[in-house]
Structure formats: structure tokens, C-alpha cells
Amino acid sequence: MLIHFKKQLAEKIKQAIISLAKSGKLNLEVDRLPEVVIEIPANSSFGEFSTPVALQLAKAAQNNPRKIAEMILAELFREVSPFWEDFTALEIEAGRMVFKPADFLAGPGFINFTMKDKFWATMVKIINEQGAGYGSSDYGQKRKVMVEFVSANPTGPLHIGHGRSAAYGDSLARVLRLAGFDVWREYYINDAGRQMGLLGKSLHARYLQELGVEASLPAEGYRGRYLVEIAKQLKNEQGDKYRNEAADSEFFINYAVEMILAGIRSDLAEFKVEFDHWFSEKRELHDTNKVEECLEYLKSRKAVYQKDGAAWLKTGEWEEQDRVVVNSQGVPTYLAGDIAYHKNKYERGFETLIDIWGHDHHGYQPRMKAMVEALGYSPDSLHLIVYQLVSLLRDGAPVKMSTRAGEFITLKEVLDEVGSDAVRYFFNMRGPDSQMEFDLELAKKQSSDNPVFYVQYAHARICSIFRNMAEYGFNEADIPTAKVDLLTTEGERDLIKKLAAFPELVIKCAKSDEPHHLTTYLQEMAAIFHSFYKHHRIMDRENQELSYARLKLMKALKIVIHNGLDLLGVTAPERM
RNA sequence: GCGCCCGUAGCUCAGUAGGAUAGAGCAGCGGUUUCCUAAACCGUUGGCCGGAGGUUCGAAUCCUCUCGGGCGUACCA
């Protein structure tokens with residue numbers, strides 16, 4: 001397909017340059033050539049494939065870039081090869097390729113190529129053949145990647161910010177999988193430490209209150225309403241059985257964590273986000289002595305040392321000051337748990353670790369990198385993605401949120417109001433670095449103002465065409481054999497070129513850990529389709545062959561929109 | 001103070017593995033429906049890509065400085 005084709009073309013050009021260099025026609029060192037990049041110009045008057053390589057060579061070769069381009073072309077087309085059959089402006093006469101350099105040369109020295117309709121028609125066939133698998137590649141080489149995301153503390157329900165993490169992480173995981181990685185999604189449950197004690201005591205107080213006993217929340221306790229609900233449930237299930245249980249009893253902690261996690265799981269399920277594993281800090285690190293083992297290991301590597309009664313991690317070049325991993329009371333800090341956790345990830349065979357965090361943790365990055373190095377792995381193998389704040393907008397005004405006072409907009413509330421599709425799509429319209437505004441009114445709108453509906457509507461429209469097929473006298477069974485070479489209009493070609501770019505887009509998203517390029521792509525695709533639909537008749541009784549060709553194109557389009565939306569975790573409705 | 005992120009159209013934001021004329025949606029203005037879904041389409045207004053230097057044949061994109069905004073700088077998690 002397209003990626004492969006571009007590689008071949010680049011290779012041919014590279015060989016042409018090498019041959020020019022070897023024969024002395026170009027004064028270049030063969031082992032120091034720039035990579036030949038094949039671009040797809042936005043403006044097709046600059047060809048459908050283009051390379052600026054002649055410009056890049058100009059300086060080293062001390063020659064005019066246009067001149068260099070001409071030499072490359074002459075060398076490139078020196079021998080007749082089936083590879084060139086699909087290129088325009090190339091003729092074969094008496095066993096030789098004949099062309100005018102001007103047809104390939106533009107501007108200061110760009111080399112541009114344009115393809116015959118046949119070439120693009122082949123793309124439509126390929127997409128139809130690959131179906132749901134279209135977009136996949138072996139880019140990832142089955143390398144093991146862990147995406148750890150959400151990982152909200154089990155002390156309260158997910159809020160809207162966690163939603164961003166969930167949408168982002170899950171879509172990224174889907175993209176990586178399609179791009180050929182062996183992906184594992186994990187949620188790290190912080191169910192150990194001081195906060196847990198506080199949570200248990202908070203539930204204890206709420207429970208007593210439910211029983212009519214006067215009790216007050218601990219100083220920094222959890223004040224949210226959800227704990228009142230949990231206390232009610234506890235009372236309903238167990239009555240006053242735990243009335244005399246100690247406030248710091250494990251029972252309250254476990255009960256609260258269990259209920260809260262159940263809520264988190266159900267919210268995420270509604271959001272179409274699933275994990276391969278929910279990793280318990282308490283059970284899988286502390287109870288199994290992993291933290292101590294890890295600290296001993298780091299001491300043996302001289303990465304951790306004792307000073308002032310505490311244990312410190314050397315942060316080396318990454319940070320000015322070293323960080324405490326065991327405090328002077330002998331209690332491991334949060335960082336110690338994190339180190340042990342990441343060591344564990346590497347030990348499970350993951351080559352790349354992707355951590356997705358909220359912006360409030362960004363200061364934590366350097367010590368994480370230092371930690372990876374201390375463990376003996378490459379700092380580049382840990383991708384830290386920090387997403388920025390989400391603010392909600394209702395009727396053009398910001399919705400106030402305060403986590404401290406226990407007043408925040410939960411993910412569940414937003415899901416109930418605008419629906420999972422819109423939330424997932426909106427979160428993936430922006431890169432993680434942008435501090436985004438989430439407009440509740442816009443997300444609910446059922447018009448083209450709302451990008452989700454715009455893209456979904458394109459899909460529904462296509463489905464509608466297929467529903468009407470029989471009525472217009474067309475048969476599903478005749479589509480596979482359609483003559484796609486008949487697709488020659490500008491709108492058709494634009495559509496096909498866009499469709500053909502999908503696999504490379506998926507790789508781009510995987511490479512940059514940025515699934516949000518998909519939404520831009522889908523909107524552009526939908527726009528091309530809607531315009532095409534307006535201006536062209538798909539099913540025309542007077543022109544059966546062309547109609548079948550177009551139906552086949554619509555099938556390909558449906559596949560790509562469907563696959564694209566699927567990566568975002570958004571449904572592709574059959575009708576709207 | 002130090003560190004990270006951001007600054008692109010009136011608004012919300014794409015575009016940053018350097019490429020040819022900087023894009024979309026909204027908002028504004030004006031059109032389109034005997035026709036497969038008007039949840040659509042077409043036209044139009046709007047920009048010194050925060051500013052200044054530098055690297056390059058070429059910079060919104062890379063480097064330095066600078067201004068403005070956000071956040072972080074715990075023996076908390």
C-alpha cells in the first residue's frame with residue numbers, strides 16, 4: 001500500500017543519487033546522504049508525491065538544485081521498469097523512457113510525481129480487502145508496551161480530569177495496538193499509605209452518623225457526599241454490626257476502597273475504557289516486600305544512600321537535589337513505591353512504559369527519569385505524558401470546581417449529560433499540552449457545530465445509501481467486481497488520497513503518542529465526503545458501472561471512518 | 001529563584017520527524033432543498049503564527065534572549 005510505495009520510491013531516488021555520486025556526476029560522499037523524504041503536498045498542483053532532496057543536496061554538491069533534480073530524474077528513468085507504469089508524464093518509446101523534466105520539476109528544485117487513476121483505484125480495492133484490519137501495520141514489531149493511565153486514588157469518584165486521562169490513554173492504547181505493538185493497559189491503585197487511613201476514618205465517622213451517633217470527620221478527612229452514600233449502604237447491609245469497630249480498623253478502609261473502585265470501574269466501563277490489570281500497590285508491592293527488595297537492589301547499585309537518618313535516591317543530572325525514598329521514621333515514601341512499581345513493569349518484559357499523568361504531577365518527571373536510569377534502563381523507554389487541566393463551560397461560563405471542598409464535577413455526571421461518544425471525541429480533539437475548555441452545550445448539540453455528529457453523520461449517510469441500494473436497482477453482490485478505474489473526478493481522487501493516508505496516520509499517532517490527530521483527520525475526511533455527496537450522484541440508474549465504482553468507494557470510506565472512530569472509542573451509527 | 005507547559009483569525013483550537021500560498025469549527029455576512037438523510041453543501045470577511053535575534057536554500061516548526069499566561073518546586077500521595 002501507500003507506505004510501502006513511498007518507501008520504494010524513496011529507495012529508487014536514493015539509488016539514483018548514489019549512482020550519480022559514484023560516477024562522479026555529482027560531487028557527493030555516498031555515506032553522508034540525507035534521507036530521501038517523500039511528502040504528499042497539500043496542493044496537488046505540486047504533484048501527489050514530492051521530494052525536496054535536490055534542495056538538500058545543493059550545498060554539498062555545490063550545484064544548482066534544479067540542475068541536480070534534472071540529473072536525478074535522468075538517472076531515475078534511465079531504465080524501463082514496471083514500477084513506473086503508474087506514473088503520469090512518462091512514456092515508453094522504443095524500449096526507452098521518454099519524459100520532459102519540466103513535468104517533474106517545480107519551484108527551486110522540488111521533484112514532483114503524479115499518479116495515474118489506476119494507481120489510486122487500486123487503493124480502493126486494498127481498503128475493501130483489508131476491511132476492519134485497514135490501518136494496521138507492523139510498525140510496533142510486537143514490542144511490549146504498557147500504558148498506565150487514570151490510576152486515580154481510590155478515595156473518591158472519577159472527576160472530569162480523569163476522563164481526559166481515560167479517553168487519551170485508551171485511544172492511545174488502541175492506536176498502538178493497530179500499529180503493531182503488544183499493548184497492556186494498567187491502572188495503579190494507590191491503596192496503601194496515609195490517605196487510606198484517612199479514608200477509613202472518614203467512612204467510620206459517616207457510618208456512625210448514619211447510626212445516629214454523633215461523630216465528626218477527621219481534620220483532613222474526605223467530605224464528599226459519596227462517602228455518605230457508602231455509609232448508608234454499609235448500614236443497610238450490616239446494620240450496626242461495626243458500631244464498636246475501631247476508627248482505624250482495616251474494615252472501613254477495605255469497605256470504602258472496594259465500593260469506590262466498583263464505582264470507578266463502572267464509570268470507566270460506561271466510557272468504554274477497559275484495563276488488562278488493576279495493580280494493587282498494597283497487595284502487589286507492599287505485602288510481597290517488593291518495595292524493600294527494590295530499595296536493597298538500588299543500594300547495591302549505589303543509587304540509594306543513607307543520610308540524616310533517611311534513604312535518598314541519587315537523581316544525578318536530572319535534578320538539583322536527591323529525593324527521599326525512606327523517611328527518618330523508616331517509612332518508604334510514595335516515590336519508593338513508584339520505583340518498585342516501575343521496576344516491576346520492566347521485569348514483566350515491557351520495553352516501553354507510557355505513564356499518563358495530570359498536570360499537577362509534572363514536577364515529578366525528572367526524578368522518574370532518574371529512577372529509570374538508577375534501575376539500569378534507558379530513560380527514553382519511559383514516556384511521561386502530562387495532560388493539562390480541563391475546565392468545563394456551561395452557557396459560556398466556567399463551571400466552578402474545588403476538589404478540596406469535595407465539590408467537583410464527576411465523569412459520571414458529564415457522561416450522563418452529554419454521552420460517552422461526545423466526551424471521548426472532545427477529549428481527543430486536543431493535544432495533551434493544551435489546557436482545554438470542554439463546552440457542555442456544544443457537546444450536546446446535534447448539528448455540524450458539533451464535530452462528533454459531523455463525522456458520525458457521514459457514516460450514517462453512507463449506511464443510508466447502502467440501505468437504499470435495492471430500491472435503486474443495485475446489488476450488494478456486484479460491488480466487489482466494480483470497475484474502480486472509473487473513479488476519475490477530482491472529488492473522488494481527493495477522497496481516495498485521504499483514505500490511502502490512514503495507515504500512515506495511525507503510525508504517526510503511535511510514534512508521537514498522540515491519538516488526537518485522528519479527530520482532525522476524520523473531520524477532514526467527513527468534509528470531503530459531504531461535499532462529494534452533495535455534488536455527485538452515487539447511485540445513478542443511467543450509469544450502472546460508475547455507480548458500482550462509487551459504491552465500492554463508499555464502502556472503503558465507511559471502513560475508514562468506522563476504523564477511525566473505533567480507535568477513539570466512539571460509535572459509528574448506522575442511522576441518525 | 002529554578003524547572004515544565006502554553007502563546008497561531010473576534011472565540012475554541014489543529015498544524016511543530018523544517019518545505020512550496022498558515023488551516024478547521026464557532027461567531028459575522030450572503031446563498032443552496034422537484035435530487036441516495038439540509039445533522040448537509042457553496043461563497044465571503046478575518047492573521048506581521050507574542051516580540052527580537054540566530055541556524056538554513058527554506059522556520060509557526062530548531063537554537064538563544066525577551067514579554068505575557070498556567071503549573072510545579074515535601075522526609076504528602
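Letters A, B, ... are given to chains in the order of the sequence lines, protein chains preceding strands, and every chain is numbered from 1.
For the residue pair Asn428(A)/Thr519(A), the side-chain donor-acceptor check at 3.5 Å is not satisfied. Using modelled atom types, one finds a donor on one side chain and an acceptor on the other under 3.5 Å when comparing Gln456(A) with Asp421(A).
Every ring pair (Phe, Tyr, Trp, His ring centres under 6.0 Å) that His530(A) has, sequence neighbours left out, goes to Tyr454(A), Tyr457(A). Every ring pair (Phe, Tyr, Trp, His ring centres under 6.0 Å) that Phe149(A) has, sequence neighbours left out, goes to Phe275(A).
Look at Glu186(A) and Lys345(A) and you find no salt bridge, because none of the NZ, NE, NH1 or NH2 atoms lies under 4.0 Å from a carboxylate O.
At least one side-chain nitrogen or oxygen of Asn327(A) sits closer than 4.0 Å to the OP1 or OP2 atom of C76(B).
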N/O-N/O pairs, protein side and nucleotides 49-51 of chain B side, under 3.5 Å:
none

Check nucleotides 31-35 of chain B against the protein and report each pair of N or O atoms closer than 3.5 Å, with its distance, or say if there are none.
| from | atom 1 | to | atom 2 | distance (Å) |
| --- | --- | --- | --- | --- |
| C35(B) | O2' | Arg537(A) | NH1 | 2.2 |

Anything under 3.5 Å between a protein N or O and an N or O of nucleotides 54-56 of chain B, put it in a table, one pair a line.
none

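U34(B) and G51(B) have their P atoms separated by 49 Å, with the value rounded to a whole Å.
Sorted by first and then second residue, the side-chain hydrogen bond (donor to acceptor under 3.5 Å, both in side chains) pairs involving residues 464-476 of chain A (not counting sequence neighbours) are Asn475(A)-Asp478(A), Glu476(A)-Lys555(A). Residue pairs meeting the salt bridge (charged side-chain N to carboxylate O under 4.0 Å, His left out) criterion with at least one partner in residues 520-538 of chain A, sequence neighbours excluded, are Lys498(A)-Glu524(A). Under the salt bridge (charged side-chain N to carboxylate O under 4.0 Å, His left out) criterion, the residue pairs touching residues 321-333 of chain A are Glu319(A)-Arg323(A), with sequence neighbours excluded. Pairs engaging residues 422-438 of chain A under the salt bridge (charged side-chain N to carboxylate O under 4.0 Å, His left out) rule: Asp170(A)-Arg424(A) [sequence neighbours left out].
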Base-pairing string, 5' to 3', of RNA chain B - Watson-Crick or wobble, under 3.5 Å, | interstrand: (((((((..((((.....[...)))).(((((.......))))).....(((((..]....))))))))))))....
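Centroid-to-centroid, the aromatic rings of His159(A) and His162(A) come within less than 6.0 Å.
Using a 30° and 60° split on the angle between ring planes, Phe474(A) and Tyr548(A) fall in the perpendicular class, above 60°.
Shown for residues 319-326 of chain A: residues whose heavy atoms fall under 4.0 angstrom of RNA chain B, namely Arg323(A), Val324(A).
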Contact string for nucleotides 4-12 of chain B, one letter per nucleotide 5' to 3', B = base within protein heavy-atom range under 4.0 Å, S = sugar-phosphate only, - = neither, reads BSS-----B
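Just one residue in the list Trp278(A), Tyr341(A), Trp357(A) forms a ring pair (Phe, Tyr, Trp, His ring centres under 6.0 Å) with Tyr188(A), and that residue is Tyr341(A).
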